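Written below as structure tokens is the structure these notes are about.
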Amino acid sequence: MVARANDQRWVIPLHDVWKINVDAAFWEKEASGVWCFVVRDDECAAGMAGAGKLAVVTDAVCAEAHACVAALQLVPAQGMQNIGLV
């Protein structure tokens, strides 16, 4: 298999850095969505994850913003201070 230039791949964070990956989905007809995040360390071990449903959301970017906000509110409370967001 040949990797293409536009293939997205998970990139390992630096040592002692927690990496937050977010994703979301949006249904225009219902104006609703869902979001999720996962926090991994430099060994790819998941340290935390979260997900939620959005009753009212206007677009996919807004849904992903909800994932970012949720992660950034919860992660520091777990003692994860050195973080990166993707």
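In this chain, numbering begins with 1 at the start of the sequence shown. Bear in mind that the values here come from a model prediction, so they are computed numbers and not experimental data.
Shown here for Leu74 and Phe37, the closest heavy-atom pair between the two residues is CD1-CZ, 4.0 Å. In terms of heavy-atom proximity, Asp16 sits nearest to Asn82 at O-ND2, 3.3 Å. In terms of heavy atoms, Ala24 sits closest to Ala60 at CB-O, 4.4 Å. Ala46 and Val38 get closest at one heavy-atom pair: CB-CG2, 4.2 Å. The shortest non-hydrogen separation linking Ile20 to Leu72 is CD1-CD2, 4.2 Å. Looking at every heavy atom in both residues, Ala71 comes nearest to Pro76 through O-CD, 4.2 Å.
Residues Trp27 and Val34 are in side-chain contact: their nearest non-hydrogen atoms beyond the backbone lie under 4.5 Å apart. Under the 4.5 Å side-chain criterion, counting only non-hydrogen atoms from C-beta, Lys19 is not in contact with Ile83.
Rounded to the nearest 0.5 angstrom, Arg40 CZ and Ile12 CD1 are separated by 11.0 Å. Put simply, CE on Met80 and CH2 on Trp18 are 4.0 Å apart, with the number rounded to the nearest 0.5 Å. In this structure, SG on Cys36 lies 14.0 Å from NE2 on His66, to the nearest 0.5 angstrom. Note that the NE2 atom of His15 and the CG atom of Asp41 stand 9.5 Å from one another [nearest 0.5 Å].
The number of heavy atoms from other shown groups lying within 6.0 Å of CD (Glu30) is above 12.
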